[in-house]
Structures are given as C-alpha cells and as structure tokens.
Amino acid sequence: MATFMDVHHGMDGITAEQLAAAHQADLAIEASENVHFKQAWADPGSGTVYCLSEAPSVDAVQRVHERAGHKADEIHPVPLTV
C-alpha cells in the first residue's frame, strides 16, 4: 500500500466538528476501496484540509472522497517518510 496526502480547498471556516464528521464519512466507506485514512488536519482561515491515507492508488482515494461528498482538489503520493 502506498501513502498519499490529499488537499481540499474552499472549506473556509471549517470547525473541528465538521472536520471530524468529514473524516468519519471517509472512514465509514474506506474499506470498500481498500483505503485507510490515517489523519486529517484543517486550517479554517484558509479553508484548506489535508488528509493522510494508505491506499492502492490515487483513484481509490478520490473515489472514497467523492462518495463521502468532499472530492479532493489535489492528491500527492508520499514515497518517503522518516
């Protein structure tokens, strides 16, 4: 499984509760695409949300996000971690 960081724009003013709900929506359906969302972060001021996942592909990550109602604007492979 590969690691991916995805970015969502336009979520201005997102609250902790809204971030948790969006993350839970992903977790509820992630297994159907063999994806695991590990963590999510948000900057309410800029409206940017970041998600870290393990998945077989970029497409699998996007399919989960689309079905959960929040398509990612960018998805980046993360080939190296320390």
Side-chain angles (χ1 to χ4, degrees):
M1 291 272 265
T3 301
F4 298 94
M5 176 68 70
D6 62 73
V7 184
H8 305 259
H9 299 289
M11 297 182 134
D12 301 331
I14 189 169
T15 65
E17 294 79 16
Q18 290 169 322
L19 178 63
H23 186 62
Q24 286 302 315
D26 291 327
L27 295 178
I29 60 174
E30 67 181 10
S32 67
E33 295 287 347
N34 199 27
V35 173
H36 175 58
F37 286 93
K38 299 175 75 159
Q39 195 162 1
W41 302 266
D43 177 359
S46 70
T48 307
V49 172
Y50 306 90
C51 301
L52 183 68
S53 63
E54 292 180 339
S57 67
V58 167
D59 291 336
V61 173
Q62 189 67 281
R63 283 191 298 268
V64 173
H65 277 322
E66 286 177 347
R67 288 175 48 210
H70 43 263
K71 181 178 178 181
D73 295 301
E74 305 169 34
I75 303 175
H76 304 278
V78 182
L80 298 174
T81 59
V82 293

Evaluate the side-chain contact (heavy atoms from CB on, under 4.5 Å) criterion for residues S32 and R67: first the C-alpha distance (whole Å), next the side-chain angles of each, then the deciding distance (0.1 Å), finally the verdict.
CA-CA 11 Å; S32 67; R67 288 175 48 210; 2.7 Å; yes
Can a donor-acceptor pair be found between the side chains of E54 and H36 at a distance below 3.5 Å?
no
Nearest-0.5 Å distance, OG of residue S57 to CG of residue N34
9.5 Å
Considering all heavy atoms, the nearest P79-P77 contact
CD-O, 3.4 Å
What pairs meet the ring pair (Phe, Tyr, Trp, His ring centres under 6.0 Å) rule with one or both residues in residues 62-82, with sequence neighbours excluded?
H8-H65, H8-H70, F37-H65, H65-H70
L19 to W41 - nearest heavy-atom pair and separation
CD2-C, 4.1 Å
Rounded to the nearest 0.5 Å, what separation is found between the CD atom of E66 and the CD1 atom of I29?
10.0 Å
Decide whether M1 and F4 are clustered together by the hydrophobic rule: side chain heavy atoms of Ile, Leu, Val, Met, Phe, Trp, Tyr closer than 4.5 Å, transitively.
no
Let me confirm one number: the CD-NZ distance from E30 to K38, rounded to the nearest 0.5 Å.
11.5 Å
Closest non-hydrogen atom pair between M5 and V78, with its separation
N-CG2, 3.7 Å
Which heavy atom in I75 sits nearest to a heavy atom in V61, and how many Å separate them?
CD1-CG1, 4.0 Å
What is the distance from atom CD of Q39 to atom NE2 of H23, rounded to the nearest 0.5 Å?
7.5 Å
How long is the span from the OG1 atom in T81 to the CG atom in L52, to the nearest 0.5 Å?
9.0 Å
Is a donor on one side and an acceptor on the other found under 3.5 Å between the side chain of D73 and the backbone of H9?
yes
